[in-house]
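Keep in mind the model is a prediction, meaning the values are calculated, not measured. Chain letters run A, B, ... following the sequence lines, proteins first, then strands; residues in each count from 1.
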Amino acid sequence: MSDVFLSLKDVSVRRGSSLVLKNLNLQVETGQVVLLNEKNGSGKSTIIEAAAGLLPIETGEILHHGDLLLDHNGRSRRPQTAFGLTLQSDGCIGSLRVEEHIYNALDLSGGRIEIDSWLRRYNLAHRRHDLIAHLSGGQRRKVAMLAGILPGFVGSKPRILLLDEPAAGLDEVSRRNLIEDLSTLQERGNAILLASHHADFIASATHIFEENELIVNELRTQTTTKQDEIKNEDGRGNVVLRTSIALNQRTLSTLANNGIAGLLTLGIVLALVDASAVESNLIQASGLYLSAAFAAGLVGDTMISMLHEHRALDWWKAHRQGIPHSYLHAFVIGMGVTALTQLGFDSELSWVLTLIGGLLTAATMAILRTMELATSRLARPRAAFVRILTPVLILPFALLVQWITDSNLL
Amino acid sequence: MGNRLAESILLLGFVGIGATLYLAFLKAPSVSINAFESPDAQRIFYWHVPAAWAAFIAFGILFVGSGLWFFNRSALGWRMHVAGAEAGLATGLMTIWSGMVWGSAEWGVPWDWTDVRLNTFGLLTFLALFLVLGRQAQPDGVETRDTFSTFGLFGFVLVPVTYVATRLWQIRHPGPVVGGGESGSLNGEMAVILFIGAISFTIFIIGHVLMSMRITSLEQRLESLQEAMDKV
Amino acid sequence: MTYLAVAYLGMLISIGIWTWTVFSRSNDLEQRITAVERHSYKSEPGSVVFLNPSSDEQE
């Protein structure tokens with residue numbers, strides 16, 4: 001296997017109306033710490049985000065461990081070996097606990113290590129079970145930084161670590177610890193691309209990347225501390241599903257948004273429609289019984305707004321292993337409101353219709369979610385008004401109702 | 001110079017539309033009373049059909065512009081996208097509005113949710129509304145242009161679906177007037193007024209697109225100037 | 001017939017308003033550009049730097 005872990009070949013990236021990177025070539029090999037320490041606005045974050053495959057590129061290609069990650073035609077592949085990532089804007093969902101975010105980063109890398117000592121080292125042990133939203137900016141930064149570096153200790157295979165300003169807002173002791181940890185990670189063979197304006201990091205860098213050139217760092221002073229042997233455990237699977245369920249159960253956001261919309265619709269329908277008139281008209285009945293489930297789905301996936309916090313969406317996207325969702329909860333809510341509607345009209349409970357109600361809520365929510373994700377690249381995704389497009393769903397809904405009526409499901 | 005030309009075309013189109021309305025309202029022959037529930041309201045058709053025609057031209061420009069930006073990063077393509085979306089919104093709203101007036105007189109309901117063509121046409125107009133409002137809320141840049149041109153391309157798939165859908169799922173909506181078979185035939189005078197309407201709307205939409213493209217170009221010029229001043 | 005006349009007039013007025021807004025947007029932008037140019041390029045009128053994405057952006 002080649003020693004080159006990360007390779008950016010002839011990469012150009014445009015942001016807004018300016019070309020931020022132009023025909024950039026950069027290779028990071030195993031055991032190298034490459035520091036990007038040019039002044040602000042020179043494109044450090046753009047290089048890190050491009051290396052993580054987060055930005056569309058106009059020319060060239062990005063390779064991880066010799067395999068294509070992304071090219072200028074938009075071809076994109078999930079990397080064989082997961083990488084560590086710290087984004088400039090943290091990338092943590094506020095409603096996750098500190099340990100959950102770090103375990104997520106580890107599980108996405110395919111293994112777990114014991115995190116107690118790391119939390120103690122960065123004075124976060126007493127915050128382990130706190131929500132990230134309850135932390136100070138500096139503490140949140142430490143969580144984001146740990147989520148970026150700890151994958152480098154997982155397993156025997158070294159990885160790529162992409163760290164964007166990991167020390168921003170960190171106290172001096174933590175910064176010193178981080179410099180030591182970077183050296184340890186480097187000794188383990190990890191390839192580290194580090195953006196930082198802190199002069200301290202020059203001490204830990206093997207190379208400095210300036211003006212499109214990789215220069216060997218003569219000022220490097222290696223300062224590693226002896227680490228106890230790190231015990232590895234197997235990672236837990238289903239990171240995305242686990243996070244989706246945890247977030248939904250903690251915040252009850254799907255119930256509070258989609259569920260309430262469904263219940264309100266149910267209430268209005270029950271208040272305004274004469275039950276005896278419905279029985280004689282099958283098409284009206286199936287439409288009415290499903291209207292609450294449809295309304296619940298039209299609210300969309302509330303997970304998206306949680307993911308917009310601290311650009312968590314980008315962190316999840318970069319790992320290419322799925323994005324947390326509320327499908328399961330939407331399905332249950334859809335079934336619930338459909339069953340309640342039928343009971344409210346004194347109708348016999350049809351399990352098939354109830355199941356269709358659950359699927360309808362989940363499918364409607366999925367379409368809204370896709371629309372919202374399609375606008376996530378915008379500078380102001382929340383000001384894009386994708387809901388204007390929801391009338392597209394009315395016709396499929398009408399056709400579904402027609403189909404239910406024709407197939408005598410009621 | 002180009003500006004004056006665009007303005008003149010737009011004004012000419014507007015005058016033509018006024019003339020069409022006048023002719024349709026006062027000069028067009030009355031249709032057979034038996035053929036329609038509300039024969040007077042049928043006159044709305046001189047407005048409705050050319051507006052729908054113009055809307056399709058506008059959506060065509062939107063599609064071509066979106067494609068040009070998406071595949072070639074052409075700045076002209078982006079201006080066409082913006083102009084097509086704005087013109088599509090205007091003519092789409094006109095078509096829907098006039099259709100609703102006619103529908104409420106003829107069918108007794110302004111909108112029919114089971115009619116595929118109504119729905120898809122409504123959706124195209126909503127798409128135009130989304131593109132116009134969404135773009136206004138975003139700073140100009142590749143992210144904005146890529147995202148909205150993707151929606152523009154996606155939305156255009158609805159145009160052929162709309163046309164074919166009329167033939168396949170026709171429930172209440174009349175079939176296509178042009179190329180729609182025997183039932184779509186018109187008498188001479190009606191055809192002349194409809195033709196004037198179609199020409200007027202076409203001129204109007206061309207004028208509008210030219211003006212709109214010019215406005216986008218002016219917006220970009222203003223932003224360039226402001227950015228240049230920011231750096232001083 | 002009356003409601004048809006109202007609908008017709010309504011449509012004509014709204015299309016008139018729309019056309020007018022197009023004209024006024026264009027005029028407003030021209031005035032703003034003139035004002036900015038007068039402010040910043042007194043000595044070098046016409047030396048406008050285009051920062052738009054594509055090379056064919058310039059006119």
Side-chain angles (χ1 to χ4, degrees), chain A residues 12-21 41 46 49-50 54-59 72-74 283-284 286-287 291 294 311 313-314 367-368 370-403 405-406, chain B residues 70-73 75 78 85 89 96 111-155 157-158 161-162 165 169 171 219-220 223-224 226-228 230-231:
Chain A
S12 303
V13 175
R14 195 180 285 283
R15 288 189 117 164
S17 50
S18 42
L19 201 58
V20 183
L21 301 181
T46 306
E49 286 174 31
L54 275 172
L55 302 173
I57 53 176
E58 296 212 334
T59 61
H72 67 279
N73 290 320
I283 190 156
Q284 199 182 0
S286 47
S291 58
F294 186 47
R311 289 185 63 203
L313 181 60
D314 281 343
I367 294 169
L368 265 286
T370 310
M371 286 181 189
E372 290 193 331
L373 287 175
T375 55
S376 63
R377 249 187 93 203
L378 292 170
R380 301 174 64 212
R382 284 180 230 204
F385 316 118
V386 277
R387 266 146 227 274
I388 290 174
L389 299 175
T390 48
V392 69
L393 296 166
I394 292 172
L395 189 69
F397 177 68
L399 292 174
L400 175 71
V401 169
Q402 181 77 53
W403 175 76
T405 313
D406 292 346
Chain B
F70 193 83
F71 296 109
N72 292 340
R73 286 277 165 98
W78 177 247
L89 176 61
I96 288 176
W111 192 264
D112 180 357
W113 283 115
T114 59
D115 188 290
V116 178
R117 189 157 69 156
L118 278 180
N119 284 301
T120 40
F121 206 93
L123 184 70
L124 278 175
T125 308
F126 275 113
L127 174 76
L129 180 68
F130 164 70
L131 294 174
V132 170
L133 290 183
R135 186 188 70 90
Q136 283 173 359
Q138 306 294 332
D140 191 20
V142 280
E143 297 85 357
T144 303
R145 294 179 181 198
D146 286 353
T147 303
F148 289 116
S149 57
T150 311
F151 275 96
L153 283 173
F154 169 73
V157 175
L158 290 168
V161 172
T162 304
W169 288 295
I171 298 171
E219 280 172 354
Q220 289 170 353
E223 203 174 313
S224 304
Q226 287 170 329
E227 279 180 26
D230 290 343
K231 287 178 183 161

Applying a strict 4.5 Å limit to non-hydrogen atoms, the region of B:F148 in contact with chain A is side chain
The interface call for A:R387 against chain B, heavy-atom contacts under 4.5 Å, is neither
Other residues, nucleotides and ligands only: do more than 12 of their heavy atoms fall within 6.0 Å of CZ on A:F385? yes
So B:R145 and B:F70, do their side chains get closer than 4.5 Å, heavy atoms only? no
Rounded distance [0.5 Å steps], OG in A:S12 versus CD1 in A:I57: 8.5 Å
Please check if any side-chain donor atom of A:T405 sits under 3.5 Å from a side-chain acceptor atom of A:S286, or the reverse. yes
Please assess A:L368 against A:L393 for the test side-chain contact (heavy atoms from CB on, under 4.5 Å), listing each intermediate value before the final yes or no. CA-CA 10 Å; A:L368 265 286; A:L393 296 166; 3.6 Å; yes
Residues 132-139 of chain B: residues contacting chain A (heavy atom under 4.5 Å, by number): B:L133, B:G134, B:A137, B:Q138, B:P139
Inspect the contact between B:D146 and B:R73 and indicate whether a charged nitrogen and a carboxylate oxygen are less than 4.0 angstrom apart. yes
Could you grab the distance from atom CG of B:L89 to atom CZ of B:F130, nearest 0.5 Å is fine? 13.0 Å
Of the backbone (N, CA, C, O) and the side chain (C-beta and beyond), which part of B:T144 lies under 4.5 Å from a heavy atom of chain A, both, or neither? both
